[in-house]
Amino acid sequence: MQTILVTGGCGFIGSNFIRLQLETQPDQKIINLDKLTYAGNPENLADIDSDARYAFKHGDICDREFVESIFSENSVDAVVNFAAESHVDRSILDSGPFIQTNIVGTQILLDAARSADVPRYLQVSTDEVYGSLGAEGFFTEDTPLAPNSPYSASKTAADLLVRAYCHTFEFPGIITRCSNNYGPYQFPEKLIPLFVSNLMSDQQVPVYGKGENVRDWIHVLDHCRGIDAALRNGRLGEVYNFGGNCELQNIQLTKLLLEVLDKPESLIRYVSDRPGHDLRYAIDCSKSERELGWRPQVEFRDGLQQTIDWYLSNAVWIERIKSGAYLKFYEEQYGARMGA
Ligand code: NAD
Ligand code: TYD
């Protein structure tokens with residue numbers, strides 16, 4: 001039985017990844033190392049908690065001793081590092097936790113994996129490391145790195161560490177870079193779950209600037225299938241891009257959400273723009289298609305409808321999250337902008 005160490009498995013993408021792995025790889029064990037920050041929610045994996053192939057370790061990837069103990073107590077065949085501070089707006093308010101977890105945490109994981117001779121390490125990264133596009137063109141794996149936010153700068157630093165470990169130590173690292181994910185279990189600070197949950201209770205939705213910024217949306221399970229393909233069939237030392245071939249301006253997406261939820265456009269509230277807001281992300285994933293045989297399978301309209309249905313039938317999940325620490329962030333982020 002193979003054992004994969006997943007970090008950040010209680011977050012949005014990590015929890016979807018673990019569930020998919022347990023469904024599709026019956027002979028595999030998963031160890032999930034998660035700090036349970038505001039974004040880590042053990043409820044996301046409540047349905048698989050008692051599966052004998054799954055073990056949860058509560059801890060911090062920045063805690064060297066703890067991370068090393070996991071490698072010494074288990075024979076780990078692969079690491080998939082999802083653990084990160086992941087929200088751009090929070091990185092603008094305070095970049096400290098981003099530097100700590102995304103950079104220092106990655107370095108500690110790399111060192112521990114290297115000492116334990118782990119045969120494969122996959123770093124889950126983002127298209128945001130490439131910076132921003134104008135109206136034309138796509139990010140390829142060769143696009144120069146030009147991060148614009150503290151979040152993307154910290155992710156870029158981590159990617160460069162993985163690259164350097166591969167180059168210097170022949171470390172068996174692979175990097176994947178994906179565009180904006182949507183799907184179930186996404187923390188309601190990101191555009192789709194924030195807007196859906198606000199609209200569910202007839203609250204306004206805060207569109208930054210004129211809503212002209214473009215994102216390329218991919219269903220989280222397509223991303224998870226890409227990570228799986230890169231982990232099993234990717235070439236060591238390589239980077240693989242994933243995207244959904246689904247570019248939308250934020251305002252187009254917002255109007256689509258209003259349409260599906262049958263809400264009036266008066267609920268759109270234009271607020272001041274995000275500082276340094278990247279204009280457009282778009283991904284060329286032909287390398288992943290060619291080398292990994294991967295391509296996105298979920299059609300956006302279907303995936304969006306399923307995602308909205310999931311949030312509608314999991315109102316309690318949202319309710320529990322939209323309290324306490326999250327409310328405080330929401331007030332700090334939107335209080336002045338919304339004139340609340
Ligand atoms: P998320 O914020 O939902 O989850 C992050 C998880 O990491 C949480 O469970 C949290 O508790 C855990 N974590 C944070 N700091 C930790 C630490 N120091 N030690 C251990 N665990 C810690 O994030 P997500 O959206 O699921 O993103 C997962 C990864 O995918 C991130 O690396 C992110 O940069 C990358 N990514 C995300 C997207 C996207 O659209 N969400 C797109 C491309 C890449
Ligand atoms: P987000 O979900 O934060 O992802 P990212 O910044 O990593 O792309 O935001 C997606 C887009 O939506 C981005 O252009 C910023 C915009 N946005 C808003 O207009 N209003 C909001 O309240 C949020 C959270 C995002």
Side-chain angles (χ1 to χ4, degrees), residues 6-17 32-42 44-45 57-63 66-67 80-92 97-98 100-102 104-106 108-109 123-129 132 148-149 151-152 154-155 158-159 176-183 185-195 198 204-218 220 223-224 226-227 241-244 248-251 253-254 268-271 273-274 277-281 283 330 333-334 337-338:
V6 171
T7 67
C10 293
F12 164 47
I13 307 173
S15 60
N16 278 285
F17 179 78
N32 172 17
L33 160 54
D34 198 298
K35 184 180 175 184
L36 300 182
T37 66
Y38 77 92
N41 185 351
N44 295 355
L45 289 170
K57 304 272 183 200
H58 184 199
D60 189 334
I61 59 165
C62 301
D63 180 345
F66 183 71
V67 171
V80 182
N81 181 26
F82 290 96
E85 288 294 333
S86 67
H87 191 36
V88 173
D89 292 322
R90 286 182 189 260
S91 80
I92 294 169
F98 290 74
Q100 193 58 27
T101 286
N102 300 2
V104 177
T106 297
I108 286 169
L109 262 183
Q123 178 73 8
V124 181
S125 187
T126 163
D127 61 352
E128 302 191 27
V129 300
S132 184
N148 288 318
S149 71
Y151 162 69
S152 55
S154 68
K155 292 295 290 183
D159 284 12
T176 59
R177 297 185 179 136
C178 190
S179 64
N180 286 62
N181 286 216
Y182 70 96
Y185 301 102
Q186 187 168 28
F187 195 85
E189 64 186 354
K190 307 279 168 50
L191 188 142
I192 290 182
L194 173 67
F195 283 20
N198 279 13
Q204 290 188 314
V205 293
V207 173
Y208 296 166
K210 293 182 181 153
E212 286 169 349
N213 303 65
V214 173
R215 296 292 182 265
D216 170 14
W217 294 95
I218 181 172
V220 63
H223 183 194
C224 292
I227 292 170
N241 283 351
F242 304 123
L248 285 172
Q249 284 189 328
N250 293 335
I251 191 62
L253 175 56
T254 304
I268 296 176
R269 178 82 173 253
Y270 291 95
V271 300
D273 210 351
R274 171 186 281 171
H277 197 173
D278 284 340
L279 178 66
R280 175 172 166 258
Y281 302 144
I283 285 270
Y330 193 86
Q333 174 69 15
Y334 296 106
R337 289 177 176 192
M338 302 281 276

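Nothing here was measured: the structure is a model prediction, and the numbers come from that model. Both counts, for ligands and for their atoms, begin at 1 and track the order of listing.
Per-residue contacts place Y151 under 4.0 angstrom from the following atoms of ligand 1 (heavy atoms of the residue considered): 33 (C), 34 (O). Less than 4.0 angstrom separates some heavy atom of F82 from each of these atoms of ligand 1: 28 (C), 29 (C), 31 (C), 32 (O). Interface atoms of ligand 1 facing F12, defined by a heavy-atom separation under 4.0 Å, are 3 (O), 25 (O), 26 (O). Using a 4.0 Å cut-off to heavy atoms of G59, the atoms of ligand 1 that qualify are 19 (N), 20 (C). Counting the atoms of ligand 1 from 1 in the order shown, those under 4.0 Å from a heavy atom of S125 are 43 (C), 44 (C). Within ligand 1, the atoms closer than 4.0 Å to a non-hydrogen atom of S86 are 1 (P), 2 (O), 23 (O), numbered from 1 in the order shown. Each of the following atoms of ligand 1 lies closer than 4.0 Å to a heavy atom of A39: 2 (O), 8 (C). Taking every non-hydrogen atom of C10 and a distance limit under 4.0 Å, the qualifying atoms of ligand 1 come out as 9 (O).
Nearest non-hydrogen protein atom to atom 30 (O) of ligand 1 is V124 CG1, 3.4 Å. Here the protein heavy atom with the shortest distance to atom 40 (O) of ligand 1 is N181 N, 2.9 Å. Of all protein heavy atoms, the one lying nearest to atom 7 (O) of ligand 1 is G8 CA, 3.5 Å. The closest protein non-hydrogen atom to atom 10 (C) of ligand 1 is T37 OG1, 3.3 Å.
Side-chain contact, Y151 with E128: no donor N or O sits under 3.5 Å from an acceptor N or O. Side-chain contact annotation: K155 with S86, donor-acceptor N/O pair under 3.5 Å absent. When only modelled atom types and interatomic distance are considered, N213 and N250 share no side-chain donor-acceptor pair under 3.5 Å.
Under 4.0 Å from ligand 1, the heavy atoms of L36 that appear belong solely to its backbone.
Here the closest heavy-atom approach between residue K210 and residue Y270 is recorded as O-CE2, 3.8 Å. Here the shortest heavy-atom pairing between V214 and Q249 reads CG2-CG, 3.8 Å. Shown here for R280 and S132, the closest heavy-atom pair between the two residues is N-OG, 3.4 Å. Smallest separation of non-hydrogen atoms from P188 and P193: CA-CB, 3.8 Å. Between Y38 and H87, the shortest heavy-atom contact is OH-CB, 4.1 Å.
A cation-pi arrangement is absent between R274 and Y208 under the rule of less than 6.0 angstrom and at most 45 degrees off the ring axis. Because its NZ or CZ atom is not both nearer than 6.0 Å to the ring centre of Y182 and within 45° of the ring axis, R215 does not count as a cation-pi partner of that residue.
For ligand 1, one of its N or O atoms has an N or O atom of D60 under 3.5 Å away. By the 3.5 Å distance cut-off applied to N or O atoms, H223 is not counted among the residues near ligand 1. Some N or O of D34 is nearer than 3.5 Å to an N or O of ligand 1, by distance alone. Residue G11 places at least one N or O, backbone or side chain, under 3.5 Å from an N or O of ligand 1. At under 3.5 Å, a nitrogen or oxygen of I61, whether backbone or side chain, sits near a nitrogen or oxygen of ligand 1. Backbone and side-chain nitrogen or oxygen atoms of E85 are examined, and none is located within less than 3.5 angstrom of a nitrogen or oxygen of ligand 1. Geometrically, ligand 1 and K155 share a nitrogen or oxygen pair separated by less than 3.5 Å. Not a single N or O atom of A83, backbone or side chain, sits closer than 3.5 Å to an N or O atom of ligand 1.
Heavy-atom separations between N180 and ligand 1 include at least one value shorter than 4.0 Å. Contact between S179 and ligand 1 is present, with at least one heavy atom of the residue lying under 4.0 Å from the ligand. The shortest heavy-atom distance from G105 to ligand 1 is not under 4.0 Å.
Rounding to the nearest 0.5 Å gives a distance of 9.5 Å between CG of N102 and OG of S125. To the nearest 0.5 angstrom, I283 atom CD1 is 7.0 Å from C178 atom SG.
Of the candidates Q186, K190, E128, K35, it is K35 that places a heavy atom closest to atom 22 (C) of ligand 1. Considering each of V129, I13, T176, L109, the one bringing a non-hydrogen atom nearest atom 41 (N) of ligand 1 is I13.
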Show, in sequence, the C-alpha distance, side-chain angles and deciding distance for T101 and I61, and conclude whether the side chain to side chain contact (heavy atoms under 4.5 Å, CB included) test is met. CA-CA 7 Å; T101 286; I61 59 165; 4.2 Å; yes
Run the numbers on Y281 and S179 for side chain to side chain contact (heavy atoms under 4.5 Å, CB included), then give the verdict. CA-CA 7 Å; Y281 302 144; S179 64; 5.8 Å; no
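Taking the centre of each ring, F17 and F82 come in below the 6.0 Å mark.
Between the T7 side chain and the A83 main chain, a donor and an acceptor come within less than 3.5 Å of each other. With D216 contributing its side chain and G244 its backbone, the two residues share a donor-acceptor pair below 3.5 Å. Formation of a donor-acceptor pair under 3.5 Å by the N16 side chain with backbone atoms of F12 is found in this model.
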For ligand 2, what N or O to protein N or O distances fall under 3.5 Å?
{"residue": "ligand 2", "atom": "2 (O)", "partner": "L191", "partner atom": "N", "Å": "2.9"}
{"residue": "ligand 2", "atom": "3 (O)", "partner": "R274", "partner atom": "NH2", "Å": "3.1"}
{"residue": "ligand 2", "atom": "4 (O)", "partner": "N180", "partner atom": "ND2", "Å": "3.3"}
{"residue": "ligand 2", "atom": "6 (O)", "partner": "R274", "partner atom": "NH1", "Å": "2.5"}
{"residue": "ligand 2", "atom": "6 (O)", "partner": "R274", "partner atom": "NH2", "Å": "3.2"}
{"residue": "ligand 2", "atom": "7 (O)", "partner": "E128", "partner atom": "OE2", "Å": "2.5"}
{"residue": "ligand 2", "atom": "8 (O)", "partner": "N180", "partner atom": "ND2", "Å": "2.9"}
{"residue": "ligand 2", "atom": "8 (O)", "partner": "R215", "partner atom": "NE", "Å": "2.7"}
{"residue": "ligand 2", "atom": "12 (O)", "partner": "N250", "partner atom": "ND2", "Å": "3.4"}
{"residue": "ligand 2", "atom": "14 (O)", "partner": "R215", "partner atom": "NH2", "Å": "3.2"}
{"residue": "ligand 2", "atom": "14 (O)", "partner": "N250", "partner atom": "ND2", "Å": "2.9"}
{"residue": "ligand 2", "atom": "14 (O)", "partner": "H277", "partner atom": "NE2", "Å": "2.7"}
{"residue": "ligand 2", "atom": "19 (O)", "partner": "Y208", "partner atom": "N", "Å": "2.9"}
{"residue": "ligand 2", "atom": "20 (N)", "partner": "P206", "partner atom": "O", "Å": "2.7"}
{"residue": "ligand 2", "atom": "22 (O)", "partner": "P206", "partner atom": "O", "Å": "3.3"}
{"residue": "ligand 2", "atom": "22 (O)", "partner": "Y334", "partner atom": "OH", "Å": "2.6"}

